[in-house]
Number of protein chains: 2
Amino acid sequence: MGRTQAFDRDTAVRAARAVFWQSGYEDASVPDLERATGLSRSSIYNAFGSKRGLFDEAVQSYLDEVVRPRLRPLEGAQVEPGAIIGYLDGLREALAGAGSAPAANGCLLINAAGAPIAHDAEVARVIAAYRDELRAAVGRGIGAHLPAAPEAERDRLADAVTGLVVAAFALVRIAPEEASRGLLTARGLIDSFRPQAR
Amino acid sequence: MGRTQAFDRDTAVRAARAVFWQSGYEDASVPDLERATGLSRSSIYNAFGSKRGLFDEAVQSYLDEVVRPRLRPLEGAQVEPGAIIGYLDGLREALAGAGSAPAANGCLLINAAGAPIAHDAEVARVIAAYRDELRAAVGRGIGAHLPAAPEAERDRLADAVTGLVVAAFALVRIAPEEASRGLLTARGLIDSFRPQAR
DNA sequence: TATATAGTGGACCGGTCGTTACAGAATATC
DNA sequence: GATATTCTGTAACGACCGGTCCACTATATA
């Protein structure tokens, strides 16, 4: 019995996700979240317990609907040779999106990681796991792209590319040109290995 | 006539610099700055006008006494061949300093750049200029280290190394291992060019 | 000694923060 | 229709923020 929940929980989380994505955790105020979700203060605390609770759900939503789809071409046993290049180009496109696209705000996790919230052990754990997932995917992409290259060189290359990708995300909002430059550099590094490998 | 200023301005700025370095601009509260400098609220506003005024002086002090000394071996017409390696190793050492050393907090400017203060045009300008200075220094270091390498490859290498260095600074506090890993990768990239160049 | 400046401590301002509480209206099941 | 649950307002809480103001003390020069 009793009234059923009127709003769609996922929709509300997605709206909150956009706010956290753009503003980081600390700078996203509760009134901001009210406005974005269309919910009242009371409803938010009723449904999610706290601002932090809402943030945690937003992070999960971000991983499921934003991060993992983008890494999908680099998952699985047989990765396309061009997938790693496509991934880098896709990233550059998304990050360079003229401010309108949500991805132009970089990475929700890294943005949120700027402030004290990053000292939170749980958040740090999620970020570390995210990075390892990325490194593995890049490694597979490099492997498929340069099958003839020596393993040591492939590892070094994958390390550099992963570093540059993380750097790009960390820097989009501080120095967008630097971020794009880093992704271009990563592409250039891969290309410079290509002739020798053939 | 009148009483002479009792405290040493530079000492106070250095103390404030440490606070901004560790906490960023927004998270450094005025009480924090009182405690660190040993000055009263009134004296701070008397001497520096505002929190922002104190921050600006701290940034200049940081550039003069921290950044530029470290880049000095990469300045001038004749740079030592090993200088770029020494620079990367020195950075890694400083960033890995067991939490006690101030440099373990990364870069004052990048830390401060996380929050709304980075939207400030002046701060953005300082950061961009800082980055260009770094890129030029790394370029000279690479040139001295690999004089025989083709210019295009040297440029690509210098871009990658600069990107990884900036990334390291941006990431020390979020993911210290990633930062150290990035600097090691930069070293490895340089070494991998060495044999061909000889 | 008179006076101008440097310093302290504390009260206070308006504002924002996350969170809690509560009254009342809307909507579901029994 | 009774009742349980979900909503929306709105007010208030205690804490912190940067900044201002003022009365007071200390120390220098003229």
Side-chain angles (χ1 to χ4, degrees), chain A residues 1-59 111-112 114-120 122-123, chain B residues 1-59 111-112 114-120 122-123:
Chain A
M1 45 187 88
R3 182 175 172 178
T4 48
Q5 187 165 268
F7 63 88
D8 183 57
R9 191 180 182 96
D10 285 351
T11 305
V13 169
R14 269 185 219 109
R17 180 180 84 193
V19 177
F20 286 125
W21 198 346
Q22 184 172 351
S23 307
Y25 179 77
E26 331 283 341
D27 288 350
S29 72
V30 175
D32 288 341
L33 296 169
E34 294 183 54
R35 234 167 290 134
T37 59
L39 297 180
S40 74
R41 212 178 190 75
S42 319
S43 294
I44 290 180
Y45 278 85
N46 235 346
F48 303 100
S50 67
K51 179 185 174 182
R52 177 61 196 275
L54 179 52
F55 176 73
D56 287 342
E57 290 206 26
V59 167
N111 292 353
I117 186 70
H119 302 155
D120 183 286
E122 173 61 15
V123 174
Chain B
M1 45 186 87
R3 183 176 170 177
T4 47
Q5 186 166 270
F7 64 87
D8 183 58
R9 191 179 181 95
D10 284 352
T11 305
V13 169
R14 271 185 218 108
R17 181 181 84 194
V19 176
F20 286 125
W21 199 345
Q22 183 170 351
S23 307
Y25 179 76
E26 331 282 343
D27 287 349
S29 72
V30 176
D32 288 342
L33 297 168
E34 294 182 54
R35 234 167 290 135
T37 58
L39 297 179
S40 73
R41 208 182 191 74
S42 318
S43 294
I44 290 180
Y45 278 86
N46 235 346
F48 304 100
S50 67
K51 179 185 174 183
R52 178 61 196 276
L54 178 52
F55 176 74
D56 287 342
E57 290 205 26
V59 167
N111 292 353
I117 185 70
H119 302 156
D120 183 287
E122 174 61 14
V123 174

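Letters go in sequence order (proteins before strands), and every chain restarts at 1.
- Within the model, atoms CZ of A:Phe48 and CG of A:Leu39 stand 7.0 Å from one another, a figure rounded to the nearest 0.5 Å.
- Computed from coordinates, the A:Phe48 CZ to D:dT6 P distance equals 13 Å when rounded to whole Å.
- Shortest non-hydrogen contact noted between B:Ala15 and B:Thr37 is CB-CA, 4.0 Å.
- Between B:Val19 and B:Ala28 the shortest heavy-atom distance is CG1-CB, 3.7 Å.
- Rounded to whole Å, atom P of C:dG18 lies 10 Å from atom CD of A:Glu34.
- Considering only heavy atoms from C-beta on, A:Ser29 stays 4.5 Å or farther from A:Glu34 through its side chain.
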Between the protein and nucleotides 26-28 of chain D, list the N/O to N/O atom pairs that are separated by less than 3.5 angstrom.
from, atom 1, to, atom 2, distance (Å)
D:dA26, N3, B:Arg3, NH1, 3.2

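- Whole-Å rounding puts the A:Asp8 CG to D:dC7 P distance at 11 Å.
- As rounded to whole Å, 11 Å separates atom P of C:dT20 from atom CG of A:Asn46.
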Pairs under 3.5 Å (N/O, protein and nucleotides 17-23 of chain D):
from, atom 1, to, atom 2, distance (Å)
D:dG18, OP1, B:Ala28, O, 3.4
D:dG18, OP1, B:Lys51, NZ, 2.7
D:dG18, OP2, B:Val30, N, 3.0
D:dG18, N7, B:Arg41, NH2, 3.2
D:dG19, OP2, B:Tyr45, OH, 2.5
D:dG19, OP2, B:Lys51, N, 3.1
D:dG19, O5', B:Tyr45, OH, 3.3
D:dG19, N7, B:Arg41, NE, 3.3
D:dG19, N7, B:Arg41, NH2, 3.2
D:dG19, O6, B:Arg41, NE, 3.0
D:dG19, O6, B:Arg41, NH2, 3.1

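- With rounding to the nearest 0.5 Å, the separation of CG in B:Asp32 from CZ in B:Arg35 is 5.0 Å.
- Figure legend: cation-pi geometry between A:Lys51 and A:Phe20 absent, as NZ or CZ is not positioned both under 6.0 Å from the six-membered ring centre and within 45° of its axis.
- In this structure, the side chains of A:Glu26 and B:Glu26 stay at 4.5 Å or more apart for every pair of heavy atoms.
- Of the side-chain N and O atoms in A:Gln5, none sit less than 4.0 angstrom from OP1 or OP2 of D:dT5.
- In this structure, CD1 on B:Ile44 lies 11.0 Å from OG on B:Ser50, to the nearest 0.5 angstrom.
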